[in-house]
Amino acid sequence: MLTIAAAQRALRNKEYSAKELTQAVVSRAKEKNPDINAYAELFDDAMASAEVADRMLSEGKAAPLAGIPLGVKDNMLMKGKISASGSKILMNHRAVYDATVIGKLRSAGAVIVGRTNMDEFAMGSSSETCAYGAVKNPIDISRVPGGSSGGSAAAVAMGGALGALGSDTGGSIRQPAAHCGVVGMKPTYGRVSRYGLMALASSLDQIGPFAKTVEDAEILYQAIEGHDPMDSTALTEKHESEKGEQKEKFTIGIPESFIAMDGIDEDVRENFRLIIEKLKGEGHEVKTVSLPSLPHALPVYYIIMPAEVSANLARYDGIRYGFSKEADTLMEVYRQSRGEGFGKEARRRILLGTYVLSAGYYDAYYNKAVAVRRLITEELMRTFSDVDLIATPTTPSPAFKLGEKMTDPLKMYLEDIFTVPANIAGIPGISVPSGTVLRDQTTLPVGIQFMAAPFSEDALFAIGKDVENVRI
Ligand code: GLN
């Protein structure tokens, strides 16, 4: 398994060049993509970026990602390239500037090999609603890779990139990472600039890394985090909690009754318990925590999220960006462009969001959800005065079959039960492969999730590395 850390060393020792590495990764991506559909587009300028990286390397410039081939989700703007966010409405939309994270990757010397497929506008848990077709799970192509950043997870899992960026609004990095057997991490809200990330739900969205190992995820995270004057929510300073010594042994809180809920596969729960036992054996302390409002995170999410979606997606009107349908009146242009340009899930959420924000229902739904969001956040923050980390399985079950949940949106939404609380509270979370379960004679990966207090990304990386050491 070629990791970013190993490639960094090999490139510096001149064992191979960035061009040779890019060539190898791109040929692998080209070979696998017809089956997996991880990439919407492989860029023809990847070799030119590799040449720039080779120059950086030969001049001894210590750019941290010099020559590292990466994939980027189709909702992050790259100047001059199509950025479609997986939607028909934007399939002819070319970005006019680079997202901040893209600028950071470029100055770190990274080679962006292509844009990865995703659920339309990042709404979904299976990467099946993508305008470029469904993404398949590289471990079993009859199954979904998870979503919405399924293309980024699959690109890494199939060897078509050494790492990738995704966005996580309710679990879209952690859930596909678990389903594809890779590491996925959502930073604290505001840690990574959202400038140039197409907004889904602005109070929940956050960009983060996918990688094969926790160490690699940390390398990518360090390259993209930091204050950005272009994003007023991107934090400026190091937080108090980061100034102290990094702990090695943690107190891990387990929300027992949340994990005992119906709808979670028994073998997924067993794998979780096994890893927790092993971590205990390594000297970490384990405690039961009571988080009675956690089950409300999902319904709260599915009110706040569509509300923000309905506002954010209003700009796609057939006039300002992308797909436009000719019609006799302006109203008809809007109606037909949006009606045809957006897929079913996008339309469903726009309707839901408009409804919960409408004058008659605002107090009953949106305002209530905002109040419960505050309760959930306070409960989590109180818990973090007692424990360093909260652990859950990442998903209730392993990767499901293509088509299995497409006709039942509520089943699809339940996929996010463990991941949404972190977005609701703006705290960081990581999913690390924790072992496998068997379905139809196929071995499928599952993940363990850890959440931490705001700005405690370091604790997540530390515990993640311990999981890598103890898992079978
Ligand atoms: N699956 C969730 C949803 O459909 C999360 C999406 C995301 O994190 N972008 O909204």
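Note that this is a predicted model, so its numbers are computed, not measured. One-based numbering, in listed order, for ligands and for the atoms of each. Any value given below was found using the heavy atoms of this structure, including those in side chains, with hydrogens, waters and symmetry copies removed.
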Would you call the rings of Tyr316 and Phe342 parallel, tilted or perpendicular, taking 30° and 60° as the class edges? perpendicular

Classify the ring geometry between Tyr413 and Tyr302 as parallel (under 30°), tilted (30 to 60°) or perpendicular (over 60°). parallel

As an exercise, identify every atom of ligand 1 less than 4.0 angstrom from a heavy atom of Ser148. 9 (N)

Within ligand 1, which atoms have a heavy atom of Ala122 less than 4.0 Å away? 6 (C), 7 (C), 9 (N)

Option with minimal heavy-atom separation from [atom], where the choices are [options]:
{"atom": "atom 1 (N) of ligand 1", "options": "Ser125, Ala201, Gly170", "value": "Ser125"}
{"atom": "atom 7 (C) of ligand 1", "options": "Gly124, Ser172, Gly147", "value": "Ser172"}
{"atom": "atom 5 (C) of ligand 1", "options": "Tyr302, Tyr413, Tyr301", "value": "Tyr301"}

Yes or no: does Gln175 have any heavy atom under 4.0 Å from an atom of ligand 1? no

Rounded to the nearest 0.5 angstrom, the OG-CG distance for Ser203 and Asn423 is 9.0 Å

Considering heavy atoms of the protein only, find what lies nearest to atom 2 (C) of ligand 1 and give residue, atom and distance to 0.1 Å. Asp416 OD2, 3.0 Å

Mind checking whether Tyr132 and Tyr39 have ring centres under 6.0 Å apart? no

Residue-level breakdown please: for Met305 versus ligand 1, do any non-hydrogen atoms fall below 4.0 Å on the side chain, on the backbone, on both, or on neither? side chain

Hey, is Arg349 touching ligand 1 through its side chain, its backbone, both or neither, going by heavy atoms under 4.0 Å? side chain

Side-chain donor-acceptor pair present, Lys73, Ser148, cut-off under 3.5 Å: yes

Quick check: do Met412 and Glu128 have side-chain heavy atoms less than 4.5 Å from each other? yes

